[in-house]
Amino acid sequence: MNKITETDISFLRQAVALAEEGVRNSQGGPFGCLIVKDNQIIGKGCNRVTSSNDPTAHAEIVAIREACASLGDFQLSGCTVYTSCEPCPMCLGAIYWARPERVWFATTRDDAAAAGFDDAFIYAELAVPMKDRSIPFGFYHQEEFLTPFHVWAGSTRKEGY
């Protein structure tokens, strides 16, 4: 990855300011995110988990949704994600699915944990067999359950992602 620029630092500062503004406005946790393409902000978000009663309303998810709507696309090609904190596992997955060009973050997951936002248990759960996880996962399979995948495979209207 290229060395950080003054422009990158400016966008990181804006993401941090958005996180602070979200806390001051009681929107949710202390997290903010900007998505930038061609030096223009095309998506932004602060954590809205508690204000929207949506556990997926993390700053990165909110910003990805707004940026994709702005672009009219489900991918963030050529974009940079600037986030106030290292993305959690959910946001990391969403970022990889969105495929931006790069990501800059301003604080670490250890900083977040020190403030009471510890996602280490999720990272640990990923390595635990499904039957032994803190939320048990079960698998039951029948051939008929594969039908959606067969329909997808045979579709002429599918768009890969």
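No donor-acceptor contact under 3.5 angstrom links the side chains of E86 and T108, judged on distance only.
A donor-acceptor pair under 3.5 Å links the side-chain atoms of E66 to the main chain of K44, judged by distance alone. Between the K158 side chain and the A153 main chain, a donor and an acceptor come within less than 3.5 Å of each other. Under the 3.5 Å distance criterion, the side-chain polar atoms of E101 are left unmatched by any main-chain donor or acceptor of S77. Using modelled atom types, one side-chain atom of S51 and one backbone atom of Q27 make a donor-acceptor pair closer than 3.5 Å. Looking only at distances, a side-chain donor or acceptor of S52 sits under 3.5 Å from a matching main-chain atom of R48. Not a single donor-acceptor pair under 3.5 Å links the side chain of N25 to the backbone N or O of G22. Remark: the backbone N or O of R133 is not paired with any side-chain donor or acceptor of E125 at under 3.5 angstrom. In this structure, D38 contributes its side chain and Q40 its backbone to no donor-acceptor pair below 3.5 Å. Not one N or O on the side chain of D118 forms a donor-acceptor pair closer than 3.5 Å with the backbone of A113. Checking side-chain atoms of T80 against main-chain N and O of R102 turns up no donor-acceptor pair under 3.5 Å.
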Inset, instruction - Given side chain to side chain contact (heavy atoms under 4.5 Å, CB included), test V36 with I42 step by step and report yes or no. - result: CA-CA 6 Å; V36 174; I42 60 166; over 6 Å; no

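Within a 6.0 Å radius of CD in E6, no more than 12 heavy atoms belonging to other residues, nucleotides or ligands are found. Counting non-hydrogen atoms of neighbouring residues, nucleotides and ligands closer than 6.0 angstrom, the OH atom of Y96 reaches no more than 12 such neighbours. Within a 6.0 Å sphere centred on CH2 of W97, heavy atoms belonging to other residues, nucleotides or ligands number 12 at most.
Judged by the 6.0 Å distance and 45° axis criteria, R99 is not positioned over the aromatic ring of Y161.
Considering OG of S84 and CZ of F105, their distance stands at 11.0 Å, rounded to 0.5 Å. Here the CG atom belonging to L92 is positioned 11.5 Å from the CD1 atom belonging to I122, to the nearest 0.5 angstrom.
Aromatic ring pairs are classed by plane angle as parallel below 30°, tilted from 30° to 60° and perpendicular above 60°; the pair H141 and F145 is perpendicular.
Within the 6.0 Å centre-distance limit, the rings of F31 and F117 are counted as a close aromatic pair.
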